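Below: one structure, written as structure tokens.
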Amino acid sequence: MPLVVVGSVALDSVETPTQKRDRILGGSAAYFSYAASFFTSVRLAGVVGEDFPPEHVALLKSRNIDTAGLQVVEGGKTFYWKGKYLPNMNDRETLELQLNVLADFQPDLPESYRRCKFLFLANGSPKLQMQVMEQCRGASLVVADTMDFYIKNEPAELRALLKKVDGLVLNDSEAKLLTGIDNLVQAGHAIRALGPRFVVIKKGEHGAMFFSEFETYVLPAFPTEKVVDPTGAGDSFAGGMMGYLAEKNSFDPKTLKEALAYGTLVASFTVEDFSLDRLAQITREDLDQRMEEYKRMLSF
Ligand code: AMP
């Protein structure tokens with residue numbers, strides 16, 4: 001089943017304690033679509049400026065990612081994010097954020113996108129996420145991501161969105177901010193009470209928690225020794241998860257758990273290099289092999 005994603009496509013400058021990269025390919029939708037492309041065909045909706053290097057579009061297309069919904073604004077500048085990681089490589093600071101063409105983005109999905117059954121609303125304004133959802137009325141699974149910026153600045157719009165989506169994926173700190181509850185188990189269930197049928201709380205190097213009416217569980221992160229740049233781990237996690245659900249055309253509890261595990265594993269590869277560089281080196285077989293190791297690790 002094809003999968004639609006709408007979100008940011010960015011040029012990122014990233015500083016880690018030991019290395020620095022300037023204006024590399026990033027953005028929630030870029031990470032998400034590449035990660036999902038290991039499992040299914042992806043249709044990407046977003047916006048970039050004239051400064052967006054054509055080789056980045058070529059890279060996405062090389063993965064069979066449909067970019068018909070990626071608008072290019074003439075004379076415009078691409079969304080830019082600059083971040084710096086603290087020595088623990090988990091916490092980061094945003095040093096600069098220029099919305100540029102993303103500020104006026106009006107999604108108008110191509111017809112083929114509108115018929116999709118699987119939809120992911122990556123980080124973005126809840127108003128815009130809602131607009132996209134209204135263009136894909138036939139979707140059977142709609143999952144959204146959100147972040148502190150929108151929790152603080154557009155709380156009413158976010159709550160309206162939560163009433164309509166099937167699933168929500170967010171970070172631990174964002175779950176606490178959204179609910180005002182420090183205990184993540186309570187926070188997960190409190191978010192479910194706001195609307196989504198399931199909630200996934202990402203805890204960075206500590207894995208992910210899942211909440212639904214039927215079950216609550218935690219999956220650990222894959223213990224990779226090599227963490228070069230954690231940027232995009234969350235979006236790759238969501239891409240792996242949604243890609244797998246779309247591939248199986250199912251979101252029953254068993255498939256959801258497998259999907260969370262695949263999301264975990266794609267993210268574990270993403271952090272091994274900057275941008276999409278590590279994902280560009282691997283195949284589905286590498287993911288499946290890591291899945292075997294992950295299963296062995298979890299069985300006792
Ligand atoms: P992650 O590390 O998975 O949380 O995602 C990092 C990506 O999110 C980077 O590539 C950024 O370009 C992108 N990003 C940062 N801030 C925003 C924002 N306000 N809206 C959309 N995307 C963002």
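All ligand and atom numbering here is 1-based and tracks the order in the structure. Not measured: the values here are computed from a predicted model.
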Next on the checklist: Give me the residue, atom name and distance of the protein heavy atom closest to atom 19 (N) of ligand 1.
Outcome noted: M147 SD, 3.6 Å
Next on the checklist: Under 3.5 Å between any N/O of D235 and any N/O of ligand 1: does that happen in this structure?
Outcome noted: yes
Checklist entry - Should S8 be counted as touching ligand 1, given the test is an N or O pair under 3.5 Å? => result yes
Checklist outcome for this item: In this structure, atom 2 (O) of ligand 1 is nearest to the protein heavy atom G232 N, 2.7 Å
Item to check | Contact atoms of ligand 1, heavy-atom distance to G234 under 4.0 Å | outcome: 3 (O)
Next on the checklist: Check for me whether R290 meets the cation-pi criterion with F269, that is, NZ or CZ under 6.0 Å from the six-membered ring centre and within 45 degrees of the ring axis.
Outcome noted: yes
Next on the checklist: Please tell me whether F32 and F120 form a close aromatic pair, meaning their ring centres lie under 6.0 Å apart.
Outcome noted: yes
Checklist outcome for this item: Near G26 (heavy-atom distance under 4.0 Å), the atoms of ligand 1 are 10 (O)
Item to check | T231 neighbourhood, listing ligand 1 atoms whose heavy-atom distance to it stays under 4.0 Å | outcome: 2 (O), 6 (C), 9 (C), 10 (O)
Checklist entry - With the threshold set at 4.0 Å, does a side-chain nitrogen-carboxylate oxygen contact exist between E258 and K254? => result yes
Next on the checklist: How close do T40 and A246 get, counting heavy atoms only, and between which atoms?
Outcome noted: CG2-CB, 3.9 Å
Checklist outcome for this item: Checking heavy atoms under 4.0 Å, the part of Y31 that sits near ligand 1 is side chain
Item to check | Polar contact flag for F79 and ligand 1 (N/O pairs, less than 3.5 Å) | outcome: no
Checklist entry - Which pair of non-hydrogen atoms, one from S13 and one from D22, has the smallest distance, and what is that distance? => result OG-OD1, 2.7 Å
Item to check | Atoms of ligand 1 close to N123 [distance to a heavy atom under 4.0 angstrom, numbered from 1] | outcome: 21 (C)
Next on the checklist: With a heavy-atom distance limit of 4.0 Å, tell me whether A233 approaches ligand 1 through its side chain, its backbone, both, or neither.
Outcome noted: backbone
Item to check | Atom indices of ligand 1, in the order listed, that fall short of 4.0 Å to a heavy atom of A10 | outcome: 12 (O)
Checklist outcome for this item: If you compare D12, L11, V14 by their heavy atoms, the one closest to atom 10 (O) of ligand 1 turns out to be D12
Checklist entry - Which residue owns the protein heavy atom closest to atom 15 (C) of ligand 1, what's the atom, and how far is it? => result W81 CD1, 3.6 Å
Item to check | Closest protein heavy atom (residue, atom, distance) for atom 4 (O) of ligand 1 | outcome: R92 NH2, 3.0 Å
Checklist outcome for this item: Nearest heavy-atom approach of L109 to C136 is CD1-SG, 3.5 Å
Item to check | Of Q131, Q135, R114, the residue whose pairing with D108 passes side chain to side chain donor-acceptor pair (under 3.5 Å) | outcome: R114
Next on the checklist: Among all protein heavy atoms in this structure, tell me which lies nearest to atom 20 (N) of ligand 1, with the distance rounded to 0.1 Å.
Outcome noted: Y150 OH, 3.8 Å
Next on the checklist: Between S28 and S8, is the side chain to side chain donor-acceptor pair (under 3.5 Å) condition met? List the steps.
Outcome noted: CA-CA 5 Å; S28 54; S8 61; 3.0 Å; yes
Checklist outcome for this item: With F198 as partner, the option from F251, F214, F211, F210 fulfilling ring-ring contact (aromatic ring centres under 6.0 Å, His included) is F210
Checklist entry - Has the side chain of S275 got a donor or acceptor atom that lies under 3.5 Å from a matching backbone atom of D277? => result no
